[in-house]
Protein chains: 2
Amino acid sequence: MATIYEVSKLAGVSLATVSRVMNNNARVSDKTKQKVLDAMAELGYRPNSIARSLASSRSDSIGILVSELHGPFFGQMMAGIESELRAAGKHVIITTGHSEEDKEKDGIEFLISRNCDAIIAHVEAVSDEYLIELNEGKTPVYLMSRFVEELSEKCISLDNELGGYLATKAIIDNGHQKIAYIAGPQFKADASNRLLGHKRALKESNIEFNEDLFFIGDFKETGGSDGLRYLTKQNEQFTALVCANDEMASGAMKYAREHGFRLPEGLSIIGFDNVIFANYLYPTLTTIDNPVNSMGHMAAKLVLKDVYQKKKLEIERVFEPTLINRHSVANHNN
Amino acid sequence: MATIYEVSKLAGVSLATVSRVMNNNARVSDKTKQKVLDAMAELGYRPNSIARSLASSRSDSIGILVSELHGPFFGQMMAGIESELRAAGKHVIITTGHSEEDKEKDGIEFLISRNCDAIIAHVEAVSDEYLIELNEGKTPVYLMSRFVEELSEKCISLDNELGGYLATKAIIDNGHQKIAYIAGPQFKADASNRLLGHKRALKESNIEFNEDLFFIGDFKETGGSDGLRYLTKQNEQFTALVCANDEMASGAMKYAREHGFRLPEGLSIIGFDNVIFANYLYPTLTTIDNPVNSMGHMAAKLVLKDVYQKKKLEIERVFEPTLINRHSVANHNN
DNA sequence: TTGTATGCGTTATCAT
DNA sequence: ATGATAACGCATACAA
């Protein structure tokens, strides 16, 4: 690997001049500039971004911390962030937290130690206090799908409570009264806020929340199948099932079909997130759209604006979920 | 951020000694070691991995290049690689190539310039020659889902030809004779090898390959729907459709249902990859298992063995796909 | 406009 | 066992 030194020697100029043409921030005469460019081309020179980063304490790369690398939710989120940043000539360093406090902290420290110019994190296990303290440091941290009052300027979040409300309201509007709910892990803010919205919708229609029609799942398909199995074993009838995300909804649908439910006539199901395959389930899944991809783009724009001084970008910090009507909810009115 | 220098001052030892206890590679007396450890703790010292990397030209991090960040295929692959490496105390730097030659090269050069100890790449657009030349460099490059003869030691691949054969053979074994095929982009080796297997299975059963029952899709859902639309417009009957991946199969299934086909009685469909949602489609999708997650693990093991001298790891370089029988293929025998 | 010199935070090679 | 000191490849303040 050729270094800046070899380039300078071949071009017959100093290190500094080579550095200047690389970054073209200072004025260099066209003639010497061309000499340097030629030398670079001849040597196939590639700047070492590690050295550059050490010297300048910048890196033109943004750290991303997600819970998991697989799954439609994080995939869309990462893709949104990456495409926006890449278009701006920045690179992305991705690592995972697995929803465990230790791993989330470890991931963040890794990203900081790599001199990331900023971090976009989807963290679920670390406390608000930790995040607030973290933001005192030199690496700004932005939060995806999480709202922390003190960090409101750096949060891109979804109104999950509203989403939870919309889901259950859609069910009620279709004439359902006996409604079961499979929630996500309650330490996750997304999950608990969706549940709050669910309860608000019930209350608004004077339907009492029934503990026997409530199950806490794992946000995965198994949560849906385990949940529906549990719910059917209680001695309570229900005509509709609200799932706190689409993966659990798909698990529930599968379990339902295997156990003789007719969908949606025998059991209406609604999901949350509107992941790509919701539209390919049968029946197609009615759900709440979670615009993660757009939120990823927006998080990236926020970083571009704050950290890289792209002043004119318009930022929208709280996204509103919307109902996506498909065919997994039956109308029970009259 | 405290530096090694401040630690050395507080502990009353030299820089070198601090470095030694960090890496505990040289002997340090227990007493001084403890002093250093205490100083580190007191200062909340975190080593700067950039500086460390510059000085040692190692980084304990492995670069991963994937085509896309979203989608079940890459998600599983990344997750497999990451979990294996993380367990070994290594970190992962992920970037994308979007199946475009320029971006793939750019991604690889970024990873090299970040001093990655190795690169695991899923590249589709760059040539074999480029990859061979790349491997002359100091950063070893490992290939996922691609086999290059000269680099066979560094390839983790799937026998796609066999997979393509198995898919079509399964269809034929169920009594089908009129078989349509939706292929993937033929510049992708995966796609062209699957097609080769398809043709071998046809030939083996003396079924002629029919250009009118052939469509090249984009490996996405739209490829499936567009493909089936195209195929139904030709004046050729067919009872079965082989899709070169599950996403196209799901698109085809949806299109089929919307256009009056009964599944699987009216049209049998088989996919490829066995992505997570194949099991949640209706009817559940018969497909060919592509063990990407395992292959990810294996690629990581290969790196651990070659680059980090974990000699005793067992490496399997070519994976065999297997048929997953579900309910999207109807039996037409007698 | 161009060059010199120093520093970024480590590792590693010498000495001692 | 420990300490000086020179790299690592580049950016940048200061000179010229």
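To find a chain, count down the sequence lines: A is the first, B the second, and so on, and within it residues start at 1.
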> Which of residues 28-41 of chain B have a heavy atom under 4.0 Å from DNA chain D?
Replying inline: B:V28, B:S29, B:T32

>> According to salt bridge (Lys or Arg N to Asp or Glu O under 4.0 Å), does anything in residues 30-53 of chain A pair up with another residue at least two apart or in another chain? List the pairs.
In response: A:R46-B:E109

>> Enumerate the salt bridge (Lys or Arg N to Asp or Glu O under 4.0 Å) contacts for residues 55-67 of chain A, please, sequence neighbours excluded, ordered by first and then second residue.
In response: A:D60-A:K90

> Hey, what bend do you get for the helix from C:dT1-D:dA16 to C:dT16-D:dA1 if you fit axes on five pairs at each end, rounded to 10°?
Replying inline: 40°

> Do any of residues 17-26 of chain A sit with a heavy atom less than 4.0 Å from DNA chain C, and if so which?
Replying inline: A:T17, A:R20

> First and last nucleotide of DNA chain D in contact with chain A, 5' to 3', at under 4.0 Å to a heavy atom: what are they?
Replying inline: D:dG9 to D:dA13

> Looking at residues at least two apart in the chain, or sitting in another chain, which of them share a ring pair (Phe, Tyr, Trp, His ring centres under 6.0 Å) with A:Y45?
Replying inline: none

Show me the donor-acceptor pairs within less than 3.5 Å that the side chains of residues 292-302 of chain A make with the rest of the protein, sequence neighbours left out.
{"unit_1": "A:N293", "atom_1": "ND2", "unit_2": "A:Q76", "atom_2": "O", "d": "3.1"}
{"unit_1": "A:H297", "atom_1": "ND1", "unit_2": "A:E84", "atom_2": "OE1", "d": "2.6"}
{"unit_1": "A:H297", "atom_1": "NE2", "unit_2": "A:S83", "atom_2": "OG", "d": "3.3"}

> In whole angstroms, how far is the C1' atom of C:dA12 from the CZ atom of B:R52?
Replying inline: 13 Å

> Who passes side chain to side chain donor-acceptor pair (under 3.5 Å) against A:K154, sequence neighbours left out?
Replying inline: A:N135

> Please, which pairs that meet ring-ring contact (aromatic ring centres under 6.0 Å, His included) have at least one residue in residues 124-144 of chain A, sequence neighbours excluded?
Replying inline: none

Scan the side chains in residues 9-22 of chain A for donor-acceptor partners under 3.5 Å anywhere in the protein, sequence neighbours excluded, and list what turns up.
{"unit_1": "A:S14", "atom_1": "OG", "unit_2": "A:A16", "atom_2": "N", "d": "3.4"}
{"unit_1": "A:S14", "atom_1": "OG", "unit_2": "A:T17", "atom_2": "N", "d": "3.4"}
{"unit_1": "A:S14", "atom_1": "OG", "unit_2": "A:T17", "atom_2": "OG1", "d": "3.3"}

>> Closest approach to the side chain of A:A55, judged atom by atom: which nucleotide of C:dG7, C:dG9, C:dA12 is it?
In response: C:dG7

What side-chain donor-acceptor pairs closer than 3.5 Å can you find for residues 67-75 of chain A, not counting sequence neighbours?
{"unit_1": "A:S67", "atom_1": "OG", "unit_2": "A:E124", "atom_2": "OE1", "d": "3.1"}
{"unit_1": "A:E68", "atom_1": "OE1", "unit_2": "A:H98", "atom_2": "ND1", "d": "3.1"}
{"unit_1": "A:E68", "atom_1": "OE2", "unit_2": "A:H98", "atom_2": "ND1", "d": "3.4"}

